[in-house]
Structure formats: C-alpha cells, structure tokens
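The structure appears below as structure tokens.
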Amino acid sequence: MSRTTDRRGGQDGSPRVVVVDDSPFMRGLISDLLSDAGVAVVGEAGDGEEALSVVAETRPDVVTMDVEMPGMGGLEAVERLMEETPTPVLMLSAHTDEGAEVTFEALDRGAVDFFAKPGGEVSTGVSRESDRLVEAVRSVADADLDAATRERDDPSAAASRSPGAASEADAADVDGPLTVVIAASTGGPNAVERVLSALPMADCRVVIVQHMPEAFTSRFANRLDEASAYDVREASDGARIGAGEALVARGGSHTRIDSYRSGRLRVKLDEDDDSHTVTPAADVTMRSAAEVIDDPLVGVVLTGMGSDAAEGIRAMADAGAYTLAQSEDTCVIYGMPKRAVETGGVDAVCDLDDVAGAIVGGEA
C-alpha cells in the first residue's frame with residue numbers, strides 16, 4: 001500500500017523523495033536511511049503503477065526506483081513517469097552484469113543516475129553505504145531534467161548511438177599523437193557516449209573516467225565500443241592503447257597513466273589508494289597523464305556532482321594541455337565542470353555537442 005504523508009519531515013532545503021520497491025522491508029530500510037539523514041520521504045510505492053499515482057499526488061523532487069518489480073517494473077515506470085510527471089529518478093539496480101544491462105536501458109529511458117545494490121540485494125549492504133545512497137539522492141534531486149531530456153530526445157543523439165556513428169570517413173588530422181582524458185559522473189554515461197560517438201577517427205587515444213562501480217564499467221566500455229569508431233575496452237592492469245583506441249577506467253580502482261612511448265600509453269590500476277572520495281577518481285588519471293605524456297594532451301570535464309577532476313584539470317593545464325569543460329546549460333549536474341572552471345585551468349567551455357570538435361580542433 002502506498003503512503004503519501006510526509007511523516008518524516010526533512011530538514012529545510014532537503015529533497016522530497018518517493019521510494020519505490022516491491023519489498024516492504026526494503027522500502028522501510030531505504031526510507032529510514034534517507035530520513036535519518038534529513039531527507040523527507042513523502043511517499044512509498046510497491047510497483048510501477050502505484051508509483052505513477054504516488055508521484056502525481058506528492059510531486060517529489062526525486063524518486064528511488066527499483067528495477068525488478070511485479071506488474072509494471074522499473075523500466076516501464078521510468079518511461080511513463082517521464083511522459084506523465086517528469087521527475088528525476090535514481091534507479092536501484094543489482095550489482096551484476098545483468099543489472100548493468102538493464103540500468104543502462106533505464107538511463108536511456110530517462111533515469112538520471114543509479115545506485116548499485118551491494119551484493120545484488122539492498123539489505124545490510126545499503127546500511128553500510130548509506131552515505132553514498134544519500135549523496136546519490138541529493139545529487140539526482142539537483143539534476144537539470146530539462147538538459148537530460150533534451151539530450152535523450154535530440155534526434156542527433158539517437159543517431160550518434162547507432163553502431164559506427166563516427167566512421168573512418170570522418171577521420172580528422174591532429175597535430176601529432178593526441179591523448180584525451182575525459183571525466184564524468186552524474187549524467188555522464190549518455191554524455192560520454194555522445195562525445196565519443198561524435199569523435200572523428202584520428203591519431204588519438206582516449207582514457208575515460210566515469211564514476212561507476214566495477215560491475216558496470218565493462219558493460220559501459222562495450223556500449224561505447226558499439227557506439228563509436230574507436231576500439232573501446234575496460235582498463236586492466238598493464239593495458240596499452242594506441243591511436244584509435246580507448247580505455248574506460250575500471251570501477252573499484254584508480255587508473256594511472258604509467259608510461260608513454262611512441263604514441264602508445266600503458267596504464268596501471270591502483271586499488272590501494274583510498275585517499276579519494278570516488279573510485280575511480282579522475283584526479284588520479286589526469287595528474288598521471290600530466291606527469292607522463294609529452295605529446296599533445298586534452299583534458300575534458302563533463303557533467304557530474306562533486307569536485308573530482310578539478311585538481312586533475314589544473315595539473316593538465318599546468319603541463320600545457322588543452323582543457324575543456326561542458327557548459328552549464330547542457331549539464332545534467334553542473335558540479336564537476338563548475339569546480340574545474342573555478343581552478344582557472346579550463347581553456348574553453350563548450351556545449352555537449354561541440355566537445356568532440358573542440359577535442360580534435362583545440363590547441364593541444
């Protein structure tokens with residue numbers, strides 16, 4: 001049964017949330033974790049159909065949506081919600097390959113971000129990671145849903161996701177071997193895909209740091225590989241890439257540029273560095289790129305919450321790299337790009353659709 005009374009009373013300025021899960025125990029657990037952090041839970045629902053009604057009645061700032069539910073599941077519910085009562089959605093997905101697959105589909109249908117359930121189930125694992133859950137809810141509540149909707153519904157975006165969207169025929173000349181490091185978080189999966197699918201084939205190698213758990217980064221790499229002309233794979237310890245290739249930093253570890261020679265770079269994975277609030281951290285990859293690579297270098301900061309990549313982009317700029325940040329108008333969350341710009345280390349601010357061209361046309 002749904003409940004729509006704001007019985008938990010969040011602190012001033014905190015987001016109002018509807019929790020959707022078919023398990024009463026899970027709904028209660030998630031609601032308690034959020035309310036203990038000062039987040040107001042204004043409604044609960046046990047399936048997608050009920051969720052549509054509760055959201056329409058309560059008009060929350062964010063919805064936490066389970067994927068697997070009887071009747072109308074999370075995927076259909078997200079799609080219907082975007083049509084009927086557009087509201088930022090945080091998907092709760094299993095920490096598995098199958099969970100990753102359905103999560104990316106949910107993002108395509110309109111969800112803003114996802115929270116991976118530890119061990120495949122929301123249970124005591126969520127209690128251990130309550131801070132991360134609360135941060136994800138607050139982040140999604142702050143999302144620019146209009147920007148996310150424009151990105152999703154733009155015909156050019158749909159075209160860019162088709163296999164081979166950027167072909168060999170779109171090849172571009174660059175001034176020497178070019179290395180690109182791209183950082184993103186909330187709203188990033190679709191933004192990164194859009195940039196890479198539009199990036200012309202060139203003497204270019206790309207390293208992507210998307211805040212994402214380990215079970216998801218391999219699937220994300222496959223998704224980018226299908227959508228672009230570049231050969232994309234998940235980073236592994238000691239992996240090497242050259243022109244026309246890209247690596248996605250593996251979740252659960254940091255990806256460092258370990259060496260660079262004759263247009264080929266080698267990465268090292270570091271699982272012991274716990275000095276960062278996110279793993280993988282773009283700051284780690286960007287700083288190592290600034291230290292190691294002496295050929296043309298480009299740093300890019302896309303949509304996301306927090307300050308990761310700010311120190312990294314400053315280090316890249318100090319090393320002579322050409323640096324870019326996504327514009328506020330096209331960001332789902334203008335957090336990471338804003339902090340990067342505030343360092344004074346960003347050369348240009350671009351709308352999302354202009355980033356790929358700026359990468360190969362910039363003054364790296």
Side-chain angles (χ1 to χ4, degrees), residues 67 90-107 111-122 125-126 128-133 135-136 139-140 181-193 195-196 206-227 232-239 241 246-258 267-289 300-309 312 332-333 335-336:
V67 175
L90 175 71
M91 300 303 297
L92 300 183
S93 57
H95 200 292
T96 62
D97 291 340
E98 293 78 11
E101 185 71 32
V102 73
T103 297
F104 285 117
E105 185 173 349
L107 295 175
V112 172
D113 202 359
F114 65 93
F115 176 81
K117 306 173 183 179
E121 296 294 336
V122 174
V126 168
R128 289 193 301 269
E129 300 196 35
S130 59
D131 289 346
R132 188 169 65 87
L133 174 62
E135 181 182 16
S139 172
V140 170
V181 181
I182 300 174
S185 186
T186 309
N190 287 337
V192 171
E193 182 178 338
V195 170
L196 198 63
V206 184
V207 181
I208 297 154
V209 185
Q210 166 70 50
H211 297 165
M212 191 175 283
E214 184 175 355
F216 289 71
T217 45
S218 176
R219 179 64 190 93
F220 185 45
N222 292 340
R223 180 183 176 96
L224 295 177
D225 185 66
E226 294 169 359
V232 187
R233 61 187 186 275
E234 183 186 43
S236 58
D237 195 43
I241 58 170
L247 290 177
V248 172
R250 192 176 75 187
S253 60
H254 301 296
T255 297
R256 301 180 186 275
I257 310 301
D258 188 49
V267 301
K268 179 178 179 57
L269 302 191
D270 185 352
E271 299 179 357
D272 298 325
D273 184 352
D274 59 359
S275 61
H276 300 269
T277 58
V278 291
T279 308
D283 280 331
V284 173
T285 306
M286 288 180 158
R287 284 199 302 261
S288 64
V300 182
V301 184
L302 301 179
T303 176
M305 183 176 182
S307 61
D308 185 36
V332 175
I333 297 285
M336 286 169 56

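The first residue in the sequence is number 1, and the count goes up from there. Computed over heavy atoms, backbone and side chain alike; hydrogens, waters and symmetry mates excluded.
- Note: Phe216 and Phe104 have perpendicular aromatic rings, judged against thresholds of 30 and 60 degrees for the angle between ring planes.
- Atoms CG and CZ, from Leu90 and Phe114 in turn, are 9.5 Å apart once rounded to the nearest 0.5 Å.
- With Thr303 contributing its side chain and Val332 its backbone, the two residues share a donor-acceptor pair below 3.5 Å.
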After noting the C-alpha distance and the side-chain angles of Glu234 and Phe220, does the key distance pass the side-chain contact (heavy atoms from CB on, under 4.5 Å) rule? CA-CA 8 Å; Glu234 183 186 43; Phe220 185 45; over 6 Å; no
CA sep, side-chain torsions, deciding dist, call: Glu271, Arg250, side-chain contact (heavy atoms from CB on, under 4.5 Å): CA-CA 10 Å; Glu271 299 179 357; Arg250 192 176 75 187; 2.7 Å; yes
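- Nearest heavy-atom pair, Val192 versus Ala184, reported as atom, atom and distance to 0.1 Å: CG2-CB, 3.8 Å.
- Between Ser288 and Ile257 the shortest heavy-atom distance is OG-N, 2.8 Å.
- Checked by atom type and distance alone, the side chain of Gln210 pairs as donor or acceptor with a backbone atom of Ser185 at under 3.5 Å.
- The two residues Ala235 and Leu269 make their nearest non-hydrogen contact at O-CD1, 3.9 Å.
- Distance check: Asp308 CG to His211 NE2 gives 3.5 Å after rounding to the nearest 0.5 Å.
- Between Val232 and Leu196 the shortest heavy-atom distance is CG2-CD2, 3.7 Å.
- Note that the CD atom of Glu101 and the OG atom of Ser93 stand 12.0 Å from one another [nearest 0.5 Å].
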Can you list the steps and then say if Asp237 with Lys268 is a side-chain contact (heavy atoms from CB on, under 4.5 Å)? CA-CA 5 Å; Asp237 195 43; Lys268 179 178 179 57; 3.5 Å; yes
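- Atom CZ of Arg233 and atom OG of Ser218 lie 12.0 Å apart (nearest 0.5 Å).
- Closest non-hydrogen pair, Met336 versus Leu302, comes out as CB-O, 4.0 Å.
- Looking at Val102 and Met91, their side chains never come closer than 4.5 Å, going by heavy atoms from C-beta outward.
- The minimum heavy-atom distance linking Ala246 with Ile241 is given by the pair CA-CD1, 4.2 Å.
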In a table with atom names and distances, give each donor-acceptor pair under 3.5 Å that connects a side chain of residues 277-285 to protein atoms at least two apart or in another chain.
from   : atom 1 : to     : atom 2 : distance (Å)
Asp283 : OD1    : Ala309 : N      : 3.0
Asp283 : OD1    : Glu311 : N      : 3.3
Asp283 : OD1    : Gly312 : N      : 2.7
Thr285 : OG1    : Thr255 : O      : 2.5

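- Considering only residues two or more places apart in sequence or on other chains, Glu105 meets the side chain to side chain contact (heavy atoms under 4.5 Å, CB included) condition with Leu75, Arg109.
- In this structure, the separation between CG on Leu107 and CZ on Arg223 is 7.0 Å, given to the nearest 0.5 Å.
- Note that the OG1 atom of Thr217 and the CG atom of Leu224 stand 11.0 Å from one another [nearest 0.5 Å].
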